[in-house]
Amino acid sequence: VSTQSTWDETGEAFQIKELSKFEDTILPNFFKHKQFASFIRQLNIYGFYKKKSVDSNLCFCNPNFKRGFQDLISKIKRIPIKNPAENDFKDRSNTHLLTR
């Protein structure tokens with residue numbers, strides 16, 4: 001595992017070093033797919049974001065995911081996804097306010 005992904009030098013982000021190997025060996029062990037875009041979507045749902053890397057590796061971090069701080073992991077929560085249909089309905093229900 002350590003050849004495809006590791007902690008960055010600060011210990012505040014993980015980096016993916018060998019994307020194709022990561023997709024072929026790591027993702028199928030934890031997900032029902034090998035699609036990196038779906039993995040990124042899952043990271044975003046849990047509050048991870050892309051961090052600039054000193055080298056060309058992909059780095060992702062979350063304030064509650066740090067090397068040596070296992071107690072923080074329980075604070076990582078799924079971000080609620082708003083239902084687009086509800087938002088659309090709310091927008092339409094107020095259109096009468098705009099037309100008068």
Can you confirm whether Phe31 is buried at CZ, in the sense that more than 12 heavy atoms of other residues, nucleotides or ligands lie under 6.0 Å from that atom?
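Yes, enclosed.
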
Distance (rounded to the nearest 0.5 Å) between [X] [atom1] and [Y] [atom2]:
{"X": "Lys17", "Y": "Leu58", "atom1": "NZ", "atom2": "CG", "answer": "12.5 Å"}
{"X": "Ile40", "Y": "Phe48", "atom1": "CD1", "atom2": "CZ", "answer": "11.0 Å"}
{"X": "Gln4", "Y": "Glu23", "atom1": "CD", "atom2": "CD", "answer": "11.0 Å"}
{"X": "Leu19", "Y": "Asn57", "atom1": "CG", "atom2": "CG", "answer": "10.5 Å"}
{"X": "Ile45", "Y": "Gln42", "atom1": "CD1", "atom2": "CD", "answer": "4.5 Å"}
{"X": "Lys66", "Y": "Glu12", "atom1": "NZ", "atom2": "CD", "answer": "4.5 Å"}

Heavy-atom check, side chain of [X] versus side chain of [Y], under 4.5 Å:
{"X": "Ile26", "Y": "Phe39", "value": "no"}
{"X": "Leu27", "Y": "Phe22", "value": "yes"}
{"X": "Tyr49", "Y": "Cys61", "value": "yes"}

Indicate the atoms forming the closest heavy-atom contact of Gln35 with His33, along with that distance.
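Minimum heavy-atom contact is N-ND1, 3.1 Å.
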
What closest approach, in Å, do Trp7 and Gln15 show between heavy atoms, and which atom pair accounts for it?
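What the structure gives for the nearest pair is O-NE2, 3.3 Å.
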
Can you classify the ring geometry of Phe14 versus Phe60 as parallel (below 30°), tilted (30 to 60°) or perpendicular (above 60°)?
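Phe14 vs Phe60 ring planes: tilted.
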
Is Asn62 reaching over with its side chain to a backbone N or O of Tyr46, donor-acceptor style, under 3.5 angstrom?
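Side chain of Asn62 to backbone of Tyr46, a donor-acceptor pair under 3.5 Å: yes, one is there.
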
Determine whether Leu72 and Ile79 fall in the same hydrophobic cluster, where Ile, Leu, Val, Met, Phe, Trp and Tyr are linked whenever their side-chain heavy atoms lie under 4.5 Å apart.
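Looking at the clustering, Ile79 is in a separate group from Leu72.
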
Under the criterion side chain to side chain contact (heavy atoms under 4.5 Å, CB included), I'd like the reasoning laid out for Phe65 against Leu43: C-alpha separation, chi angles, the key distance, then a yes or no.
CA-CA 12 Å; Phe65 191 72; Leu43 288 176; over 6 Å; no

